[in-house]
Amino acid sequence: MTRALAATGAATLGLLAAIGRLAIFVGQTLSHLVRPPFYMREFGHALVQIGYFSLPVVGLTALFTGGALALQIYAGGSRFDAQAVVPQIVAIGMVRELGPVLVGLMIAARVTSSIAAEIATMKVTEQIDALVTLSTNPMKYLTLPRVLAATLVMPVLVGIGDVIGIMGGFLVGTERLGFNAAAYLQNTADFLTRLDIVSSLAKGAVFGFIAALMGCYYGMQSDRGAMGVGRATKTSVVAAAVLILAANFLLTEAFFSA
Amino acid sequence: MIRLSDLHKSFGANAVLRGVDLHVPRGESMVVIGGSGTGKSVLIKSILGLVTPDSGTIEVDGQNVTRADRDAFLARFGMLFQGGALFDSLPVWQNVAFRLLRGRLKRPKAEAREIAVEKLRRVGLSADVADRLPAELSGGMQKRVGLARAIAAEPEIIFFDEPTTGLDPIMSGVINDLIREIVTEMGATAITITHDMTSVRAIADDVAMLHAGKVRWSGPVAQMDDSGDPYLHQFITGSAEGPIEAVR
Ligand SMILES: Nc1ncnc2c1ncn2[C@@H]1O[C@H](COP(=O)(O)OP(=O)(O)OP(=O)(O)O)[C@@H](O)[C@H]1O
Ligand SMILES: [Mg+2]
């Protein structure tokens, strides 16, 4: 009994310590927002890496998902004569949930892993130490540009994902399920509210922040050696994915539970 | 100028530094020798604050380094890392000119590049390596780029962690001369770690030998050969027989 209590206590303390460390890391990162110098080149580079080069994977993910969603809703809806709702449900499903979540998870796979591996490698090869000796703060030079770029560019990616997802549904709807093209688009446009769109983009920003933050955090914490890099990369992706899904639930609750 | 007193550092159960005392006067070239794994790299990293000592004090110019303004403090230092630690995403010249391209020493790009090419020349590298990436260079070339980066901003205090390891004898000679020149001409204070006894004799004013977590012997390089210390003697003659165990 006492042993069980002690174990629970230790686990709780460990969790609190981990949260504390992460909070300090976030605080340090954000503090560099208001302390020059700013490394614009690093920021620009991160925007291109995280934003532009993610476009293909975001586009493909959204396209296939939107298409599959249309097929499922049609099949499901037809059981109670509600096939006509395909445009509306595809729109709401993509914009409110699947767009931000799937783009978030793809970014966790693509961006979090590469950030973590890059920073962890820099750590084990002493490049982070070298930065410090060259009077460059690693948080300012490496972390802030990536976190900021991901937070700003993810809403754009999610917006694009939403549109392409709806296009996927549209293509399947008009080519396979016999919907009228103009009516499909009209239904979609009429149905979506501003809150749907705002929530979608806001989720994107939060997920982008989480994805880049986890990459930087676990990269900076990496142990020595190739195993350290591998472990940092794996842990960062898992943490980013889980946190994105948890944040998604909380945000959905906040936006739509009223 | 640099004074370490009773410095201790352990990694878990591995007590690496166990009371190191060391004094390096201004404008002097100190060479630290000692067996592999005795904590030479840890020692100079502690001075820079890259490793936090468990106890003991480090003073630079009489000021405790933990109380110094970090930016101003680090601006006075240059460091060559044992593994080079080049930024592999940046071309060679931007590695060398890193400090000159940002922060308080920032200057126009063309000028920074010119300085970088000049420093590369001083470490025996021609201008055509300037635009290559570090991964495209040999180990010895990377080491020399690291050296060029360490001296690029003409720091007052320079640490060289095994500057000649992995270089051919001629290039080692060039680097030894360069380090000597930096100390005598620029008046820099240098701490060099090396295993190469030729380098020790070429670079050092003073020598300190690290063994078992402490400075075993220190003194002017001229007294090194007749120190009467069996540990130092074994080390400089490179003998397998002696008080230092071969398995560590
Ligand atoms: N970050 C670290 N974490 C754990 N142990 C470390 C760390 N850095 C150094 N050590 C340990 O400290 C000891 C001294 O390491 P250090 O790199 O200073 O040796 P060294 O004297 O420079 O050796 P060499 O001549 O081989 O470079 C080693 O046992 C090493 O395993
Ligand atoms: Mg070493």
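Below, chains carry the letters A, B, ... as their sequence lines are ordered, and counting in each starts from 1.
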Item to check | Part of Leu131(A) lying under 4.5 Å from any heavy atom of chain B | outcome: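 Leu131(A) touches chain B through backbone and side-chain heavy atoms alike.
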Next on the checklist: What part of Ser135(A) gets within 4.5 angstrom of chain B, counting heavy atoms only: side chain, backbone, both, or neither?
Outcome noted: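 Contact with chain B: backbone and side chain both.
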Item to check | Rounded distance (nearest 0.5 Å) linking atom OG1 of Thr121(A) with atom CG of Asp88(B) | outcome: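 Output value for this atom pair is 8.0 Å.
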[X] [atom1]: over 12 foreign heavy atoms closer than 6.0 Å:
| X | atom1 | answer |
| --- | --- | --- |
| Phe11(B) | CZ | yes |
| Arg18(B) | CZ | yes |
| Met186(B) | CE | yes |
| His45(A) | NE2 | no |
| Arg122(B) | CZ | yes |

Next on the checklist: Given 3.5 Å as the limit, does a donor-acceptor pair link the side chain of Arg99(B) with the main chain of Thr133(A), or not?
Outcome noted: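 Yes, Arg99(B) side chain to Thr133(A) backbone: donor-acceptor pair under 3.5 Å.
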Next on the checklist: Between Leu86(B) and chain A, with a heavy-atom cut-off of 4.5 Å, which part of the residue counts as in contact: side chain, backbone, both or neither?
Outcome noted: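 Leu86(B) touches chain A through backbone heavy atoms alone.
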Checklist entry - Which bit of Lys45(B) comes within less than 4.5 Å of chain A, counting heavy atoms only: side chain, backbone, both or neither? => result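 For Lys45(B), side-chain heavy atoms alone lie under 4.5 Å from chain A.
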Item to check | Shortest non-hydrogen separation from Gln82(B) to Glu126(A) and the atoms involved | outcome: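 Closest heavy-atom pair between Gln82(B) and Glu126(A): N-OE1, 4.3 Å.
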Checklist entry - If every non-hydrogen atom of Ala130(A) is compared with every non-hydrogen atom of Ala85(B), which pair is closest and at what distance? => result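 Taking Ala130(A) first and Ala85(B) second, the nearest heavy atoms are CB-O, 3.8 Å.
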Next on the checklist: Suppose we call two aromatic rings close when their centres sit under 6.0 Å apart. Are Tyr141(A) and Phe87(B) close by that rule?
Outcome noted: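 Aromatic pair excluded; centres sit 6.0 Å or further apart.
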Output a table of donor-acceptor pairs, distance under 3.5 Å, between side-chain atoms of residues 7-21 of chain A and any protein atom two or more places apart or on a different chain; print 'none' if there are none.
residue, atom, partner, partner atom, Å
Thr8(A), OG1, Ala4(A), O, 2.6
Thr12(A), OG1, Thr8(A), O, 2.6

Item to check | Leu134(A) vs Arg102(B) side-chain heavy atoms within contact, under 4.5 Å | outcome: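 Answer no - side chains too far apart.
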Checklist entry - What do the steps show when you test Val132(A) against Leu50(B) for side chain to side chain contact (heavy atoms under 4.5 Å, CB included), and what is the final call? => result CA-CA 8 Å; Val132(A) 173; Leu50(B) 300 173; 3.8 Å; yes
Next on the checklist: Applying side chain to side chain contact (heavy atoms under 4.5 Å, CB included), can you list everything that pairs with His195(B), at least two apart in sequence or on another chain?
Outcome noted: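 Side chain to side chain contact (heavy atoms under 4.5 Å, CB included) check on His195(B) returns Lys40(B), Glu162(B), Phe235(B).
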Next on the checklist: Checking Gln63(B) now: which residues fulfil side chain to side chain contact (heavy atoms under 4.5 Å, CB included) with it, not counting sequence neighbours?
Outcome noted: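 Checked Gln63(B) against side chain to side chain contact (heavy atoms under 4.5 Å, CB included); matches are Ala68(B).
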Item to check | Among Leu105(B), Leu74(B), Leu48(B), residue most engaged with chain A (heavy-atom pairs, under 4.5 Å) | outcome: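 That would be Leu74(B).
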Checklist entry - Based on non-hydrogen pairs under 4.5 Å, which of Arg149(B), Met79(B), Arg70(B) is most in contact with chain A? => result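 Most heavy-atom pairs under 4.5 Å with chain A: Arg149(B).
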Next on the checklist: If we define contacts as heavy-atom pairs under 4.5 Å, which of Thr125(A), Asp129(A), Thr136(A) has the most with chain B?
Outcome noted: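 Heavy-atom pairs under 4.5 Å are most numerous for Asp129(A).
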Checklist entry - Mind checking which of residues 206-221 of chain A sit less than 4.5 Å from chain B, heavy atom to heavy atom? => result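 Residues qualifying by a heavy atom under 4.5 Å from chain B are absent, so none.
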